[in-house]
Each structure stands twice: as structure tokens, then as C-alpha cells.
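Here's the structure, in C-alpha cells; my notes come after.
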Amino acid sequence: MHIFLQIGPLEEYLNSCREDDRTIALVPTMGGLHEGHLKLVEKAKACSDLVVVSIFVNPTQFAENEDFKAYPKTLSEDKKFLEAVKVDAMFTPSDNQIYPDGSSQDYDVGEMGKILCGISRPIHFNGVAQVVARLFDIVKPDYAVFGEKDYQQLLIIKSLVERQGIKTTIVSIPTVRELDGLAMSTRNNYLSSEDRTYAPLFYQQLDATKSAIQSGVDISTAIEQAIDALSAIFDVEYIEVLNANNLTQITTSSSEIIIISAVRLGETRLIDNIVFRRSYV
Ligand code: PAF
């Protein structure tokens, strides 16, 4: 596996691969790699000839009061992990490589950046857009792979690519779950062993809400029931049932529905969602 800390050598390597007509897929990560990242890499391999994984804990997507400093930094384990799954190149830039002289461009992440997670994390999606646009500019990937657990992030990145005319195809993979249903996340490492036993109840409740809606319970009642049940264990930040294509309110023509939620369990913030089709609303 090639390891790059600097943009120049990475660009040289990628240019020579392009001259050989090899297609490139990028998997942007913040490290703390787990089974979910493995699935991202597998998807990237299926799309393209060569896979680059970036590891960069992006400071601009964390607010002052968030977990930037505590975010798991496991670079030597991550390197072994990526070698074992035969990734072609790992890119671990410094802050200065990504934001020379501290500069970072602002992006209009639109209305979609202001709802759901954007309410409690108002600068978050702008920071994600900054780093993703910068990584795309450096790697110029044919494909980039993201997880559907961060569903709002995924739609914002798709819209960024469209609006900026970036020639990268955005590919996504379904949320990878532990056997008990908990969505895999680097932040699950923050859960105490007691909280870890409660955490799967989050997804179980989303699934129960989906079943309720599918069996004809109206959406506002289903949400109220979900808030009541979740509140026994979690601090509920939001739970909404929306049009999965654009995160707007459901209309009679919406057939793809998302139940999307963020909760807190102790100090740990968990997000999750379920997307499903529905023939009537
Ligand atoms: O989803 C993540 O891990 C991050 O938000 C991303 C896309 C790597 C940008 O820092």
C-alpha cells in the first residue's frame, strides 16, 4: 500500500495511474476504522481499478464544544486494517495540506444543511462540504463512496457535486450494523459498557416506527409514540419522517420515506435512519 502525507507525491502517483487508464475511487474517512469502513472499501473496489482511502479528522466540521480532541485517533491500527484489505493508497494529510495557511472556503449547503443535525450542529455540514470538495480537488476521483448512516451528509454531498459541476460519481452503501442492530460508528467507542447494552434500542424503535407506519398508523402518532418510547432511555434530539429523496415533508406523491433521528445516550450522540417504500401516505 502506498502511503501519502503530501499532496504532490499523491498527485504524481494518481496521474500515472490515470495515464494507464485506471479509474480511481476515494473513500474519505476520519480514521477509527471499523467493519463499516471495510464495506465502503469493498464497494470502492467494485466500482474502480484503484482505491484511495483518506484519513483526516477535519477540524472545520466540529464546533468548539464537540469531540474534535477526543475523536479516536488510531492511525497505526488503521494502516494495518487498510493493508489487510489491500487498499492501493492511504492519504493522511496534515491540516496545512488540506487548508493551506488556515484558509477554507465556505459552501452554501442550502436548506438541507439547516435542518435535522444542522440545527444542533450549525457549522457541521459546511465543514464537511469544505473537506470533501478539497479532497475531490486533490484526488479527482471517478467515484467516492459514503455510508447511508450519515444520510443528510450524503444528500448534501450529492447536491454539492451537482452544483459545483464536480465530475465524481457519488456511490453509497447501506448502514452496516452490529448483530444487535446498532449502526456501526467510530463514536460507539464512547459508549460505556452499560450504555452499549441500551444503544440497540435506538434502531429497534426506528424499526418499530416503520412497522407502525406501514400498518397504517398516521405519521404524527407514530412519531409521538417513538418519542415517548425513546425518551425512557435517550435524550431525543429529533425524530422525523420525511421524503427520503430530499428530506422535505411527505406529500401524497412521496413513495420513498425516511425515518431519521439523532439521540444522546450519556455523552454519546447517535444518529440512525431507516429508508423504506410506501405505496400510500
Ligand atoms: O463521514 C465522515 O467520516 C466525515 O464526515 C467525512 C465525510 C470523512 C468528512 O470529514
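Heads up: numbering here begins at 1 and tracks the sequence. Please read these numbers as outputs of a predicted model, since none were measured by experiment. In each ligand, atom 1 is the first atom listed, and ligand 1 is the first ligand listed.
Put simply, the side chain of Val241 does not reach to within 4.5 Å of the side chain of Ile258, judged on heavy atoms. By the 4.5 Å heavy-atom criterion applied to side chains, Lys43 and Leu40 are not counted as neighbours. At a threshold of 4.5 Å between non-hydrogen side-chain atoms, the residues Leu5 and Pro93 do not count as touching.
When the shell of 6.0 Å around OH of Tyr238 is examined, it contains more than 12 heavy atoms from other residues, nucleotides or ligands.
At a heavy-atom cutoff of 4.0 Å, ligand 1 is contacted by no atom of Ile157, backbone or side chain.
Gln61 OE1, 2.7 Å is the protein heavy atom nearest to atom 10 (O) of ligand 1. The nearest heavy-atom contact from the protein to atom 3 (O) of ligand 1 is Met30 CG, 3.8 Å. In terms of protein heavy-atom proximity, atom 2 (C) of ligand 1 is closest to Gln153 NE2, 3.9 Å.
Within ligand 1, counting atoms from 1 as listed, the ones closer than 4.0 Å to a heavy atom of Val131 are 9 (C), 10 (O). Every atom of ligand 1 with a heavy atom of Thr29 under 4.0 Å away is listed here by number and element: 8 (C).
Between Glu66 and Arg269 there is no salt bridge, since no side-chain N of the basic residue sits under 4.0 Å from a carboxylate O of the acidic one.
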